[in-house]
There are 2 protein chains.
Amino acid sequence: MSEARATIYTVARAAGVSAQTVSRVLNGTGQVSARTRAAVLAAIEAQGYRPNAVGRSLRASRTPMIGMLVADVGNPFYARLHRAIERRLAGSGYSLMLMNCDDDARIEHRQLELLRSYRPTGLVIVPSVGSSLTDARLQEFGHVVSVSRVLGGVHVPAVVTDEADAVAAAASELVAYGHTGIAVILGPREASTTRAREQGFRTAVDSHPQARGLVRYTDGTRQGAQEAAEALLRAHPEVTGVIGFNALVTEGIVSALLTAGRRCPEDVSVIGFTDAGWMTLHRPAISVIDQPVEEMGALAGRLLLDMAAGQSVDPGPHVVPSTLVRRGSVAPPSMTKERRA
Amino acid sequence: MSEARATIYTVARAAGVSAQTVSRVLNGTGQVSARTRAAVLAAIEAQGYRPNAVGRSLRASRTPMIGMLVADVGNPFYARLHRAIERRLAGSGYSLMLMNCDDDARIEHRQLELLRSYRPTGLVIVPSVGSSLTDARLQEFGHVVSVSRVLGGVHVPAVVTDEADAVAAAASELVAYGHTGIAVILGPREASTTRAREQGFRTAVDSHPQARGLVRYTDGTRQGAQEAAEALLRAHPEVTGVIGFNALVTEGIVSALLTAGRRCPEDVSVIGFTDAGWMTLHRPAISVIDQPVEEMGALAGRLLLDMAAGQSVDPGPHVVPSTLVRRGSVAPPSMTKERRA
DNA sequence: CTGAAAGCGCTTACAG
DNA sequence: CTGAAAGCGCTTACAG
């Protein structure tokens with residue numbers, strides 16, 4: 001009843017046992033007789049006692065918390081990833097702490113420093129562009145899993161999709177439809193995802209002698225992508241098929257088409273990367289490389305939980321394949337001439 | 001150099017001072033001579049010492065952490081809100097811990113219990129539907145601000161938009177365009193936002209004798225809204241203007257229109273609530289009640305910071321007005337007949 | 001099955 | 001301007 005600061009000691013006193021025994025009941029460790037347990041539980045109930053995670057963490061030298069650092073929480077990809085990881089962690093006793101770094105290595109450093117001060121159990125990281133994270137540094141966070149972007153020279157399990165193959169399939173799809181001038185609007189040049197997707201694109205283009213491929217780098221935002229796409233379409237009217245790096249970039253491409261007065265798919269075919277709700281609403285519906293975000297998040301969560309439980313895990317990279325979802329935004333380039341005729 | 005557990009004590013020893021003085025240097029509290037400060041800083045540098053937030057929190061009986069509990073992190077509104085609050089908190093020393101509750105009072109309770117165990121400094125809450133949160137309970141979280149949804153019988157500063165007026169303006173806009181059968185697809189019946197928006201809708205409809213208003217409740221998801229909109233359009237062909245509760249519901253309405261073969265705006269005019277990137281891409285571009293999410297988040301962050309600094313703040317509710325953004329999804333209903341003719 | 005003691009890393013009074 | 005002591009709430013060895 002006296003809510004005035006219930007601790008393990010006040011509970012112990014009321015139950016006529018030691019603090020140690022209360023701790024045992026709380027954590028289900030060791031052996032406690034049924035009678036003692038009942039007395040402790042009754043005292044906990046009577047006092048409205050609730051554990052203090054801070055005391056526990058200090059003693060244990062670690063906090064049951066998983067940090068999650070991403071480049072941009074405004075990108076729906078990361079929101080979905082966060083949700084998927086949180087779902088996987090639910091009930092495990094670990095909480096997820098989401099942090100943003102605006103894809104800035106300096107902010108990344110600062111955020112990780114803050115996280116580290118809590119002595120977390122693990123970290124899910126989508127490294128920022130230009131990240132200078134090292135193995136030694138990451139070790140400070142206990143168990144680490146990287147998602148989507150991988151970090152060079154660093155040995156942590158990675159969860160990714162089949163970047164290169166997925167983009168190669170999309171590029172080949174455009175070629176199969178008869179496009180010879182195709183382009184991909186990528187993200188930041190230094191991002192591993194950009195490099196992998198570019199490589200897949202080039203591989204596909206190179207395997208089709210009739211095709212010519214163009215590559216553009218952006219900051220991965222809608223605005224940046226729109227500008228890049230507008231410039232590209234202006235300078236290269238022969239481009240009739242464009243692949244977008246992510247959902248935001250795809251928005252930028254579609255927006256650029258609108259601005260430039262180019263119709264989709266009659267004038268330009270479009271394939272996005274990472275599905276988004278609006279893509280089925282758009283006319284034509286946007287064909288997309290559907291990234292299995294939920295599976296990726298669930299896998300990352302599981303790996304972390306396994307590591308935290310002391311199990312050794314496959315360092316991967318764990319590749320969860322994407323699927324090309326065909327909707328209405330890809331058509332033969334010849335349609336242009338037919339319609340114009 | 002000896003990275004083997006640098007603490008305030010190892011630093012103190014190396015600098016030839018007491019732990020207390022190291023603490024003073026770390027926190028900038030009290031007076032420390034320049035020489036002493038330099039010696040401490042040198043020792044910190046040499047040992048690679050970094051503070052342990054857990055020890056600090058335990059002693060201080062509170063953690064420099066702000067919890068943020070929302071109904072659905074998958075809703076872009078909350079992602080934007082999170083980002084805005086994090087921005088406002090950046091550099092303040094407080095970290096933001098985002099938690100999801102799937103709009104379930106039970107999960108809300110569990111998540112808050114977890115948060116509370118960290119002894120946070122504050123909480124930003126979008127109460128779940130059916131939340132049984134009380135003043136007493138919320139007091140356990142130190143400083144609390146509610147955003148968007150308000151909680152009955154609870155006295156915490158609230159940050160909201162002008163729900164009723166905004167929806168009333170949208171409904172009047174439809175009537176002004178000549179619509180007489182108008183509808184609003186709302187969220188959960190129990191949510192304060194639903195009630196306020198419904199009230200605004202009814203007020204507007206009642207002030208126009210020629211207008212008839214229909215109201216539907218949903219779970220606020222795209223799927224739920226799509227089903228509700230399909231049923232509504234089927235049962236009430238006289239409805240030619242629809243207002244959506246949020247961006248997801250608006251997706252559902254647009255999707256329902258597509259499924260039902262009703263054109264926008266020729267057959268049905270649409271006004272959304274809360275802007276989203278796809279709305280300017282859609283043809284027609286979707287007119288929307290643009291909710292000032294960033295301002296709301298910044299304000300919530302500031303209120304929390306002020307409260308944490310011991311200042312008393314205006315309990316509000318703090319109303320940040322929305323703006324009706326006219327795009328292409330509203331047209332006179334007469335267009336229907338003209339086109340059909 | 002249970003307990004007394006120590007200590008996790010830090011800051012808060014209290015002295016000087 | 002600086003320090004010795006105590007204690008935040010808990011769990012970890014160590015005993016019995």
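Each chain gets a letter, A, B and so on, in the order its sequence line appears, and its residues count up from 1.
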For atom CZ of A/Arg119 and atom P of C/dC8, their distance in whole Å: 13 Å

Distance below 4.0 Å between A/Thr29 side-chain N/O and D/dT11 OP1 or OP2: no

Whole angstrom value for the distance that separates P of C/dC10 from CD1 of B/Ile44: 10 Å

side-chain N/O A/Thr21 vs C/dG3 OP1/OP2, d < 4.0 Å: yes

Phosphate OP1/OP2 of D/dT11: any A/Asn27 side-chain N/O under 4.0 Å: yes

Short side-chain N/O contact from A/Ser33 to OP1 or OP2 of C/dC1, under 4.0 Å: no

Rounded interatomic separation in angstrom, taking OH from B/Tyr118 and C1' from D/dC10: 14 Å

Check: A/Leu81 main-chain N/O paired with A/Glu294 side-chain donor or acceptor under 3.5 Å: no

Length of the CG-P vector between B/Leu26 and C/dT12, whole Å: 12 Å

Side-chain donor/acceptor contact of B/Arg59 with base of D/dG9 under 3.5 Å: no

Distance in angstrom units between A/Arg35 CZ and C/dC1 P, rounded: 14 Å

Nearest listed nucleotide, side chain of A/Arg24, among C/dT2, D/dT2, C/dT11: C/dT2

Phosphate contact (D/dT11 OP1 or OP2) by A/Arg56 side-chain N/O below 4.0 Å: yes

Residue pair B/Ile85 / B/Gly297: nearest heavy atoms and the distance that separates them: CG1-O, 3.4 Å

Salt-bridge criterion met for B/Arg50 and A/Glu140 (N-O under 4.0 Å): yes

Separation of atom CG in A/Leu58 from atom P in C/dT11, rounded to whole Å: 12 Å

A/Asn52 side chain, from C-beta outward: closest of C/dC1, D/dG9, C/dT11: D/dG9

Comparing B/Gly16 and A/Ile8 on DNA chain D - which has the more 5′ nearest nucleotide: B/Gly16

Side chain B/Ser92, main chain B/Leu89, donor-acceptor under 3.5 Å: yes

N/O (side chain, B/Ser57) to phosphate O (OP1/OP2, C/dC10) under 4.0 Å: no

Identified pairing partner of D/dT2, criterion: Watson-Crick or G-U wobble below 3.5 Å: C/dA15

d(CD, A/Gln20; C1', D/dA15) in whole Å: 11 Å

side-chain N/O B/Ser61 vs D/dG9 OP1/OP2, d < 4.0 Å: no

B/Tyr9 side chain near C/dG7 phosphate (N/O to OP1/OP2, under 4.0 Å): no

Sugar-phosphate, base or nothing in reach of B/Val17, heavy atoms under 4.0 Å: sugar-phosphate

Separation of C/dG9 P from B/Arg13 CZ (nearest whole Å): 12 Å

Phosphate-side-chain proximity, A/Thr7 and D/dG9, N/O vs OP1/OP2 below 4.0 Å: no

Salt-bridge contact B/Arg149-B/Asp103 (side-chain N to carboxylate O under 4.0 Å): yes

Audit row: A/Arg137, A/Glu113, salt bridge (charged side-chain N to carboxylate O under 4.0 Å, His left out) steps and yes/no: CA-CA 10 Å; A/Arg137 170 85 168 130; A/Glu113 201 58 27; 3.2 Å; yes

